[in-house]
Student: 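Please read through the structure below; I'll follow up with questions.
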Amino acid sequence: MAVDEAGQSRPKVTITAIAQEAGVSVPTVSRVVNGRSDVAPETRAKVEDLLRRHGYQRRGSAGREGAGLIDLVFSDLDSPWAVEIIRGVEEVAHAAGMGTVVSATHGRAGATRQWLENLRDRASDGVILVTSALEPLLQKELRRLDVPVVVVDPAGSPSLDAPTVGATNWAGGMAATEHLLELGHRRIGFIGGPMRLLCSRARMDGYRTALEAAGIPALDELMVGGDFYHESGFTGAQKLLDLPEPPTAIFASSDQMALGAIEALRRRGLRVPDDVSVVGFDDLPEMRWSSPPLTTVRQPLAEMGKVAARTVLRQARGEELDSPRVELATELIVRHSSAAPAPRS
């Protein structure tokens with residue numbers, strides 16, 4: 001707590017509040033706080049006056065020096081793509097002489113509160129949130145702590161006013177579907193991820209757009225839901241195979257679901273790609289070794305981690321960001337799980 005002239009305690013003011021009152025950007029206030037020279041004299045004087053009047057204490061003052069740590073927080077850690085993001089963040093953090101603390105909240109309020117308590121204790125230099133729904137508790141406390149935050153693959157439009165890093169999911173979904181159309185498929189099944197996630201909706205929209213551009217209706221019966229994990233790919237493929245006219249190809253919007261779909265096809269005595277083609281999304285490292293090697297959309301997960309880490313470090317240094325939203329390009333990787341449909345007998 002800061003103390004006013006009468007000796008009364010008052011809530012800690014944040015850089016965001018100072019910026020709003022001064023009518024300048026948060027990075028501008030950060031540059032003043034960090035003693036940077038690239039601020040106009042009049043602006044610097046105005047911001048410094050507000051900092052003094054509000055009794056602002058820089059994060060790291062009063063014995064709370066930056067710990068040389070980046071907090072990397074996932075909703076869950078039970079997915080191989082999390083390892084790729086960790087790898088990217090850790091590479092940048094290591095090069096900067098910093099450590100990485102990895103946590104998972106599992107969507108539980110208790111786990112979120114525990115992580116926030118730990119964050120306060122270790123005074124991390126920045127936070128990277130991965131696919132977090134940004135619960136109100138989390139938003140409120142991160143604002144109070146005034147810690148730099150970056151959101152990777154946001155569930156929707158973040159209300160935390162934090163920079164975001166994602167991938168071109170819509171373009172990836174469209175590329176996967178166009179590939180199958182070019183091979184000659186006309187009944188293409190789709191197994192989607194959780195619709196609460198922006199990336200899931202974008203991949204589905206890309207699928208629908210490619211079909212509609214080819215003059216093919218996007219049929220509800222060919223679209224089933226999943227959760228990005230193997231089992232939902234397995235059950236989703238079973239639903240599609242049970243249709244009176246099953247699809248000749250399946251686009252699963254994650255590699256894990258694609259592997260689940262391939263197992264469902266195998267158990268039905270169907271071969272990939274001879275009987276049914278399968279395309280995934282992510283291009284996890286092991287997909288080149290799957291049987292058959294998986295055609296998939298490469299999502300640059302490690303690079304997303306690197307960009308997020310560089311962004312949070314730039315924020316911590318008070319530097320201006322080029323853009324609050326970065327989208328990295330996806331790329332179709334054609335392997336052996338997709339081929340032209342078998343001739344009708």
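As a basis for the values below, the full set of heavy atoms in this structure was taken, side chains included, without hydrogen atoms, waters or symmetry mates.
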Student: So which heavy atom on K306 is nearest to which on G88, and how close?
Tutor: CG-O, 3.4 Å
Student: Given side chains that start at C-beta, do those of L129 and V152 come closer than 4.5 Å, heavy atoms only?
Tutor: no
Student: Between N169, L197, L198, which is the residue that forms a side chain to side chain contact (heavy atoms under 4.5 Å, CB included) with D153?
Tutor: N169
Student: Looking only at atom types and distance, does a side-chain atom of S124 sit under 3.5 Å from a main-chain N or O of G126, one as donor and one as acceptor?
Tutor: no
Student: Locate the shortest heavy-atom distance separating P300 from A167; write the atom from each residue and the value.
Tutor: CD-CB, 4.3 Å
Student: Please confirm whether the backbone N or O of D283 pairs with a side-chain atom of R298, one donor and one acceptor, at under 3.5 Å?
Tutor: no
Student: Taking the side chain from T168 and the backbone from T330, do they hold a donor-acceptor pair closer than 3.5 Å?
Tutor: yes
Student: Salt bridge between R87 and E84, side-chain N to carboxylate O under 4.0 Å?
Tutor: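 So R87 pairs with E84 through a salt bridge.
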Student: In terms of hydrophobic clustering (I, L, V, M, F, W, Y; side-chain heavy atoms under 4.5 Å; direct or indirect links), are F234 and I262 co-clustered?
Tutor: no
Student: Are W289 and M257 in one and the same hydrophobic cluster, where Ile, Leu, Val, Met, Phe, Trp and Tyr link if side-chain heavy atoms are under 4.5 Å apart?
Tutor: no
Student: Could you give all pairs that pass the salt bridge (charged side-chain N to carboxylate O under 4.0 Å, His left out) test and reach residues 248-265, with sequence neighbours left out?
Tutor: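 Listed once each, the pairs are E263-R266, E263-R267.
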Student: Taking all non-hydrogen atoms of both residues into account, name the closest pair between A258 and G280 and its distance.
Tutor: CB-CA, 3.9 Å
Student: Hey, is R44 close enough to E42 for a salt bridge, meaning N to O under 4.0 Å?
Tutor: no
Student: If the threshold is 4.0 Å, N to carboxylate O, is there a salt bridge linking R314 and D322?
Tutor: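 Yes, this pair counts.
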Student: Same cluster or not: are V278 and V334 linked, directly or through other Ile, Leu, Val, Met, Phe, Trp or Tyr residues, by side-chain heavy atoms under 4.5 angstrom apart?
Tutor: yes
Student: Under 4.5 Å between any side-chain heavy atoms of P293 and M287, yes or no?
Tutor: no
Student: Given the rule in the side-chain contact (heavy atoms from CB on, under 4.5 Å) test, do V101 and I70 qualify, once you have shown the distances and angles that lead to the verdict?
Tutor: CA-CA 6 Å; V101 179; I70 294 175; over 6 Å; no
Student: Should we say atom CG of D78 is surrounded by more than 12 heavy atoms from elsewhere, each under 6.0 Å from it?
Tutor: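 Atom CG in D78 is packed in, count exceeds 12.
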Student: How long is the span from the CG atom in L294 to the CZ atom in R288, to the nearest 0.5 Å?
Tutor: 12.0 Å
Student: With the threshold set at 4.0 Å, does a side-chain nitrogen-carboxylate oxygen contact exist between R53 and D49?
Tutor: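 Yes, charged N to carboxylate O under 4.0 Å.
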Student: Please lay out, stage by stage, how V92 and L313 fare under the test side-chain contact (heavy atoms from CB on, under 4.5 Å).
Tutor: CA-CA 9 Å; V92 171; L313 290 177; 4.0 Å; yes
Student: Name every donor-acceptor pair, under 3.5 Å, that has one atom in a side chain of residues 239-251 and the other anywhere in the protein, sequence neighbours excluded.
Tutor:
| from | atom 1 | to | atom 2 | distance (Å) |
| --- | --- | --- | --- | --- |
| D242 | OD1 | R268 | NH1 | 3.2 |
| D242 | OD1 | R268 | NH2 | 2.9 |
| T248 | OG1 | H185 | ND1 | 2.7 |

Student: Less than 4.5 Å apart, side chain to side chain, heavy atoms only: is that true for V127 and L119?
Tutor: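 Result yes, sub-4.5 Å side-chain heavy-atom pair found.
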Student: Shortest non-hydrogen contact from A22 to L50?
Tutor: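 Heavy atoms of A22 and L50 come nearest at CB-CD1, 3.5 Å.
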Student: Salt bridge or not between R187 and E221? Use side-chain N to carboxylate O under 4.0 Å.
Tutor: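 Yes.
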Student: Rounded to the nearest 0.5 Å, what separation is found between the CG atom of L181 and the CE atom of M174?
Tutor: 9.5 Å
Student: With clusters defined by side-chain heavy atoms of hydrophobic residues (ILVMFWY) lying less than 4.5 Å apart, directly or transitively, does L180 cluster with I333?
Tutor: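 The answer is no; the residues belong to distinct hydrophobic clusters.
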Student: Can any side-chain N or O of R201 pair as donor or acceptor with the backbone N or O of R196 at less than 3.5 Å?
Tutor: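 Yes; judged by distance alone, with no hydrogens or angles, the pair exists.
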Student: Has T105 got a side-chain atom pairing as donor or acceptor with T112's backbone, closer than 3.5 angstrom?
Tutor: no
Student: Starting at CG of D282, measure out to CH2 of W81 and round the result to the nearest 0.5 Å.
Tutor: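 Going from the CG atom of D282 to the CH2 atom of W81 covers 8.5 Å.
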Student: Within this structure, what is the CG-OG distance for the pair L72 and S103, rounded to the nearest 0.5 Å?
Tutor: 8.0 Å
Student: Determine whether F228 and C199 satisfy the following criterion, side-chain contact (heavy atoms from CB on, under 4.5 Å), listing intermediate values before the conclusion.
Tutor: CA-CA 11 Å; F228 288 151; C199 62; 4.1 Å; yes
Student: Would you check if the side chain of T295 reaches a backbone N or O of R335 as a donor-acceptor pair within less than 3.5 Å?
Tutor: yes
Student: Quick one: does S337's side chain have a donor or acceptor within less than 3.5 Å of a partner on V279's backbone?
Tutor: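 Here the side-chain-to-backbone pair does not exist.
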Student: Any sub-3.5 Å donor-acceptor pair from S200's side-chain atoms to P194's backbone N or O?
Tutor: yes
Student: Are V272 and S277 packed together at the side-chain level, in the sense that at least one heavy-atom pair is separated by less than 4.5 angstrom?
Tutor: no
Student: Ignoring hydrogens, what is the shortest heavy-atom contact between A175 and L332? Give both atom names and the distance.
Tutor: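 For A175 versus L332, the nearest heavy atoms are O-CD2, 4.1 Å.
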Student: Give, for atom OG of S253 and atom CD1 of I191, the distance between the pair rounded to the nearest 0.5 Å.
Tutor: 8.0 Å
Student: What is the distance from atom NZ of K46 to atom CD of E21, rounded to the nearest 0.5 Å?
Tutor: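 With rounding to 0.5 Å, NZ (K46) is 9.0 Å from CD (E21).
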Student: Any side-chain heavy-atom pair from F190 and T177 closer than 4.5 angstrom?
Tutor: no
Student: Go through the steps to decide whether L211 and I188 satisfy the test side-chain contact (heavy atoms from CB on, under 4.5 Å), and finish with yes or no.
Tutor: CA-CA 9 Å; L211 289 177; I188 301 170; 4.2 Å; yes
Student: Determine whether Q299 and R203 make a side-chain contact, defined as any pair of heavy atoms from C-beta on separated by less than 4.5 Å.
Tutor: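 When only atoms from C-beta onward are counted, R203 and Q299 do touch, with a gap below 4.5 Å.
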Student: Determine, using the 4.5 Å side-chain heavy-atom cutoff (strictly less than), whether L328 and I85 are members of one ILVMFWY cluster.
Tutor: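 Both belong to a single hydrophobic cluster.
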Student: Below 4.5 Å, heavy atoms only, C-beta onward: do L284 and V83 meet side chain to side chain?
Tutor: no
Student: Side chains of V326 and T164: does their closest heavy-atom pair fall under 4.5 Å?
Tutor: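 Result no, sub-4.5 Å side-chain heavy-atom pair not found.
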